[in-house]
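These notes concern the structure reproduced below.
Every value quoted in this text rests on a predicted model; they were computed, and no experiment measured them. Convention: sequence-line order gives letters A, B, ...; per-chain numbering from 1. Worth knowing before you read on, the calculation uses all heavy atoms, side chains too, and leaves out hydrogens, waters and symmetry mates.
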Amino acid sequence: MSEVSNPPQGATAEPVLALKSRSKVIAVTSGKGGVGKTFVSANLASALAKRGLRVLVLGADLGLANLDVVLNLYPKITLHDVFTGKSKLEDAIYKAPGGFSVLLAGSGMVEYSRLAPEVRDDFLRIMESLVPNYDIVLLDTGAGISDVVLFAVSMASEVLLVATPEPTALTDAYATIKVLGAQQKRQSIRVVINQVARTGDGTGITTQLQQVLDRFVNKDSEHPLKLLHMGDIPADTAVRQAIMKRQLLAQADPGCPAALAITQLATKVESAVIKHGA
Amino acid sequence: MASATDPSAIRLSDLRLDDARALLEHDPSCELPKPEASPTVYLQSVLDGLCELSLRDPLTGLSNRRHFQHLLNMEIESVARSGESVLLLIIDIDHFKKVNDTYGHHAGDLVLQAVSKCLESCVRPMDTVSRFGGEEFAAILPNCPATFGAVVAERIREAVSELGITVSPSETIHVTISIGGAYAPEWVRSTIELWTERADEQLYRAKSAGRNRVFIEEQRGVAVSADEKGMLFGHLLFGDPASAGVDGDAPGSAVADSEMNRAN
């Protein structure tokens with residue numbers, strides 16, 4: 001019945017990046033795939049860029065990311081090519097339509113339990129050299145709670161968990177929250193609920209998650225985990241239309257409810273990071 | 001070199017098809033059309049026949065290793081995005097050398113064929129069984145929930161152990177198998193090597209523990225207990241209006257029950 005039967009090597013509680021760099025990194029994660037994590041990352045990045053921030057989206061989603069669909073961007077060169085010496089780092093950084101930068105990890109990191117420490121070190125080294133060029137780095141992790149995801153999250157000061165009201169998505173989100181609390185001694189996780197039927201539904205969902213957490217996890221923990229509700233993104237037909245046009249919401253339909261929700265989210269994310277960094 | 005006809009046109013008489021034809025005519029499952037009727041249809045049949053041959057193990061008729069690795073790769077790509085639960089089993093006949101040594105190689109072949117047939121009859125049509133080499137087989141079971149895998153593998157083990165294999169007019173023998181299994185990691189793109197290595201490790205455990213048994217790698221993951229789920233989705237059971245937005249899922253115990261079956 002133990003929560004974590006076999007903690008992965010390497011996913012430790014210690015910050016793996018120097019604190020100054022780490023403070024700018026936000027991991028965008030989700031328990032389950034297909035809840036709109038990549039969509040949120042890209043559109044949040046564009047909203048942050050609009051606020052005058054220098055933003056990098058780092059797709060650690062092992063080349064699965066649908067960034068091409070969301071942004072109409074087809075990065076051919078990835079971090080993997082940089083690691084293997086095939087390309088230079090600056091060639092792997094692409095300018096996205098929303099005024100932010102995109103770097104994809106590529107397929108170099110597979111089943112992470114076997115990932116060589118060199119790759120991990122390479123990754124950290126590159127993060128250290130990259131982060132100073134930006135105000136905020138959104139680390140789009142893979143779904144689930146594999147070691148790749150845990151490693152990616154361990155580089156971030158803040159975690160933004162994307163979930164939907166759908167039961168399997170909530171169960172997986174809850175599982176992810178538990179692991180992050182147990183393995184990384186996180187004290188807070190920020191939650192955004194995507195595809196809510198009505199604005200306000202997400203607050204109830206986060207409250208529900210917090211109550212379960214308090215009852216089953218926090219009660220005998222020295223590190224009580226607090227969920228911070230960052231907002232809801234309403235189910236909006238404009239989202240589908242934007243994706244079909246391969247455009248960001250801000251381009252396709254800047255006034256739609258989902259776009260407004262993402263703008264609000266960006267304000268909250270900015271203040272969270274700036275405060276943290278101060 | 002210059003020719004008045006379409007330069008891309010191929011004439012059958014220019015091709016050396018003897019070897020291919022001989023291979024295909026040797027195979028009882030393959031029937032070639034007459035080349036005179038349509039050279040295109042004939043050539044297509046030759047190519048199809050060769051592809052078919054190159055994917056199948058001749059002795060057992062199962063997928064061969066080449067085909068299996070191709071399927072495994074496709075499964076890896078799909079599972080990386082779907083997070084679906086897919087089980088890989090590696091199956092090895094216990095003490096197969098003894099069968100060969102005692103009853104001869106023909107008996108060995110009969111055993112391989114009988115076991116193959118039995119393995120195929122134990123799995124769903126969507127599953128693939130392959131002869132990996134020698135007396136080793138592999139099976140890929142897509143969409144196989146964690147709780148089912150061990151039961152299916154156990155059923156396979158039992159079915160083979162109960163199989164009477166007639167190796168000569170006077171002799172019927174029994175063999176056993178050992179099975180090692182590993183699930184694809186959820187949401188992660190694995191590789192053929194890493195995945196088979198993990199299943200192989202379990203097969204090794206099964207052999208070391210005395211053979212004729214099943215070992216399946218425990219899935220790492222966080223169990224979300226029934227109590228936790230009950231509290232998480234309690235409002236669905238009581239028809240809380242807040243649940244109405246849940247994707248058209250009918251609120252009620254059906255939702256909660258199916259959730260109970262997930263992930264642990």
* **Within 6.0 Å of CZ in B:Arg66, more than 12 heavy atoms from elsewhere** => no
* Asked: Would you find a donor on one side and an acceptor on the other, under 3.5 Å apart, between the side chain of B:Glu228 and the backbone of A:Leu213?
  -> no
* Structure fact -> Sorted by chain and number, sequence neighbours left out, salt bridge (Lys or Arg N to Asp or Glu O under 4.0 Å) with B:Arg157 holds for B:Glu154
Would you be so kind as to tabulate the donor-acceptor pairs closer than 3.5 Å made by side chains of residues 134-145 of chain B, with sequence neighbours excluded?
none

* Answer yes or no: does atom NZ of B:Lys207 have more than 12 heavy-atom neighbours from other residues, nucleotides or ligands under 6.0 Å? => yes
* Nearest-0.5 Å distance, CZ of residue B:Phe233 to OG1 of residue A:Thr171 -> 3.5 Å
* Interatomic spacing from OH in A:Tyr174 to CG in B:Leu232 - rounded to 0.5 Å -> 7.5 Å
